[in-house]
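Quick notes on the structure that follows.
Just so we're on the same page: letters track the sequence lines, and every chain starts at 1.
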Amino acid sequence: MGSFAELTHFAERYLPYLAGGFAVTLAIAALSVPLALGWSLPILLCRLARRRWLAGAAAAYIEVMRNTPLLIQMYLIYFGLPLFHVFLSGFMCGVLAITLQHGAFLAEVLRAGVESVSARQWDAARAIGMRSRTAFRLVVLPQALVKMLPPLGNQLIVLVKDTSLVSAIGVMEVTLSGKMIIERTGGSYEVFVAVALFYLTMTTALGAGLRVAERRLAVRFG
Amino acid sequence: MFHVLIISLPYLLKGAAITVWLSLATISLGTLLGFALGTVGAVGPRPVRAAVAVYVFVLRGVPILVVMFLGYYVFPALGYKVDAYVAVGAAMVVYVGAFVSEIVRGAILAVPSSQIAAARSLGMRRWPMLREVVLPQAFRLATPPLLNTALTTVKQTSYVSVVGAWELSYAAREVVERTLAAFEIFLGVMVLYFIICYPLSLAARHLERRYAFAS
Amino acid sequence: MPSRADASGAGAMIAVSDLRKAFGPLTVLDGVSFAVAAGETVVVLGPSGSGKSTMLRCMNFLEPYDAGEIRIAGELVGYREDGDGRRVPRSEAEIARFRERVGMVFQSFNLFPHRSAVENVMMGPVHVRGIERKAARAIAETLLAKVGLAEKMAEYPARLSGGQQQRVAIARALAMEPKVMLFDEVTSALDPELVGEVLLVMRRLAQDGMTMIVVTHEIAFARDVADRIIFMDKGAIVEEGAPRELLLNPRAERLQAFLHRFSGGVAES
């Protein structure tokens with residue numbers, strides 16, 4: 001590796017680039033998480049709809065997302081949209097692709113949650129005159145979210161890791177920054193150790209936050 | 001309308017073949033590694049279990065793309081000149097191994113302790129008990145999540161194209177950059193991946209349902 | 001003392017006539033007919049599988065029924081009569097609005113775990129009746145005080161005992177100002193020491209003039225609080241009458257056998 005002086009010199013020159021990359025990764029994650037969660041709700045509602053064609057369409061969408069790589073979906077959006085005269089930045093294409101795919105996965109996790117809420121909760125809600133829509137919004141969905149917090153959280157951690165893929169469409173997030181540094185300096189794998197540590201910190205922090213949230217909810221709801 | 005796709009199909013199918021081959025290699029090696037690590041991670045001596053736990057923790061916290069890049073650059077740094085496929089393949093095996101190890105470890109620990117008590121009371125020793133009682137049941141519990149991991153791995157082979165190894169996604173991008181027929185090519189490639197992945201997906205869900213009733 | 005509803009059910013708050021329901025090949029309700037006058041408390045006794053819970057669930061249309069009629073305050077439950085034949089199911093909106101006037105309390109309490117006690121009681125007023133939050137809170141607090149749980153208002157169901165949860169459930173049902181209250185074995189899931197507090201609330205409700213149908217195993221409660229007892233078995237009414245007569249001189253053999261099993265409760269106090 002070299003002396004300590006080399007290491008600090010290296011850090012001085014390239015930390016700014018990595019730091020810029022960190023910021024972009026955080027931005028993509030911060031934007032994609034709420035968007036994916038938001039997008040999962042209409043998918044969930046369609047998937048649970050009584051009308052067969054709606055439920056079938058949602059199921060087909062989820063199946064396509066489940067069986068094709070995020071990379072190809074990203075390429076499709078990035079290279080395909082300009083053909084329709086829609087010009088989005090690489091950043092937005094990445095966010096869009098991640099939202100579309102993870103929205104499907106989150107919807108499936110929530111569906112398992114909704115189906116696990118006891119029928120008795122539906123009974124109680126309807127017994128006081130609530131319509132299905134209100135009962136779902138106020139009674140069933142909140143309980144599904146709480147029940148599914150662990151798998152939801154894990155899925156979100158996978159989402160954060162998937163942000164690395166936007167490097168394939170030229171977005172200068174942390175993974176691509178690392179690659180660029182190596183190419184510029186003729187350097188070696190150590191840069192990616194730093195990149196790995198960055199992701200490890202993010203996922204560990206998210207995991208810890210998840211467990212705190214789980215514990216707080218367990219205290220309240222038993 | 002789709003004639004660019006049709007003309008490029010032979011080229012893309014060659015890429016698909018590499019994808020399938022790469023998937024099979026990494027899944028089988030990764031599963032073997034994962035079984036070994038998962039077993040010692042569940043029943044081995046303390047320091048070994050701790051080491052496996054650290055390994056799993058680190059690999060699950062990092063994107064596979066980063067692990068692939070690490071693999072790509074680490075070999076030359078250590079003085080070995082290797083094929084791009086070997087480099088990324090090794091990285092994938094290590095990554096898949098971590099996930100499989102966690103599934104196997106969980107499955108072994110999920111075998112009801114009443115089973116172990118019964119085996120012990122028959123006078124079984126550790127290794128035969130493991131082999132005859134615990135592992136078969138653990139294997140049954142582990143199969144659905146293992147199939148899901150295999151499914152994910154097939155999709156992740158597409159990422160080697162980002163690092164520079166040639167397979168279906170790399171081929172697709174080449175064709176698009178040459179012909180600009182982004183829509184039809186990438187849609188066609190999505191269909192190809194779907195054909196490869198869907199059987200795995202179905203198998204995983206079918207087994208999930210079957211075991212849900214059995215247990 | 002409420003006036004008796006006559007056999008035809010005219011003027012009754014609740015009128016059930018020839019109610020039938022089957023789950024596939026299994027007949028659950030086999031022609032049940034009875035009436036309940038306004039302010040009456042009717043207790044329904046019977047072995048498990050006799051169809052009592054199903055009948056109750058048909059009354060607020062949590063279950064549809066195959067034949068016969070249920071009328072509450074004169075309105076046909078769950079269906080509307082069209083020009084010629086009958087049986088056009090009502091819309092979800094109509095059924096929901098109808099359920100506002102029929103309160104139900106369940107064996108497993110079914111409180112909403114993600115809301116505190118007072119918020120549980122407020123759910124109906126705020127989200128169904130459209131009452132403004134402050135006013136709804138006042139209603140909820142009054143009701144919780146009425147069932148003896150003023151100090152437990154802000155607690156979540158997980159922190160409440162079974163008896164307390166059931167009392168919150170009663171308050172939640174009362175918050176809708178129902179005309180009729182249905183109780184489905186509400187003490188069967190409770191530890192014995194907690195049963196009394198719930199029965200006390202129900203007794204007071206009956207004394208205040210609420211029209212109630214109570215499915216229960218609590219014979220003492222039936223004897224002391226019911227205006228009328230109905231004994232059901234295998235989906236039909238076997239015997240019906242005033243508590244004293246029915247409990248002390250049961251005519252049907254099945255009723256005698258049933259009371260024998262629960263005889264401990266009757267002889268005391």
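- Neither the backbone nor the side chain of A169(C) comes within contact range of chain A, judged by heavy atoms closer than 4.5 Å.
- A donor-acceptor pair under 3.5 Å links the side-chain atoms of H114(C) to the main chain of L138(A), judged by distance alone.
- The environment of R71(C) atom CZ is dense: over 12 non-hydrogen atoms of other residues, nucleotides or ligands sit within 6.0 angstrom.
- Both the backbone and the side chain of V139(A) come within contact range of chain C, with heavy atoms under 4.5 Å apart.
- At a 4.5 Å heavy-atom cutoff, V105(C) makes no contact with chain A through either its backbone or its side chain.
- Using a 4.5 Å cut-off between heavy atoms, F112(C) touches chain A through backbone and side chain atoms alike.
- Comparing A93(C), S116(C), A173(C) by how many heavy-atom pairs each has under 4.5 Å with chain A, the most go to A93(C).
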(Q) With side-chain hydrogen bond (donor to acceptor under 3.5 Å, both in side chains) as the criterion, how do Q73(A) and T68(A) come out once you've worked through the C-alpha distance, each side chain's angles and the decisive distance to 0.1 Å? (A) CA-CA 8 Å; Q73(A) 294 162 22; T68(A) 58; 2.9 Å; yes

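- Remark: the R115(C) side chain and the N120(C) side chain contain no N/O donor-acceptor pair separated by less than 3.5 Å.
- For a residue to count as touching a neighbouring chain, one of its non-hydrogen atoms must lie under 4.5 Å from one of that chain's; by this rule I95(C) does not touch chain A.
- Most heavy-atom pairs under 4.5 Å with chain A: of the set R101(C), M176(C), R159(C), this distinction falls to M176(C).
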Please step through side-chain hydrogen bond (donor to acceptor under 3.5 Å, both in side chains) for the pair T175(A) and E173(A), ending with a clear verdict.
-> CA-CA 6 Å; T175(A) 308; E173(A) 43 71 67; 3.2 Å; yes

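- Contact of S132(A) with chain C is made through backbone and side chain together, with heavy-atom distances under 4.5 Å.
- Heavy atoms of R57(C) lying under 4.5 Å from chain A belong exclusively to its side chain.
- With hydrogens and angles disregarded, a donor-acceptor distance shorter than 3.5 Å links the side chain of Q166(C) to the backbone of V186(C).
- Chain A forms more heavy-atom pairs under 4.5 Å with one residue of P113(C), G124(C), P157(C) than with any other, namely P113(C).
- Less than 6.0 angstrom separates the ring centroid of Y79(C) from the ring centroid of Y65(C).
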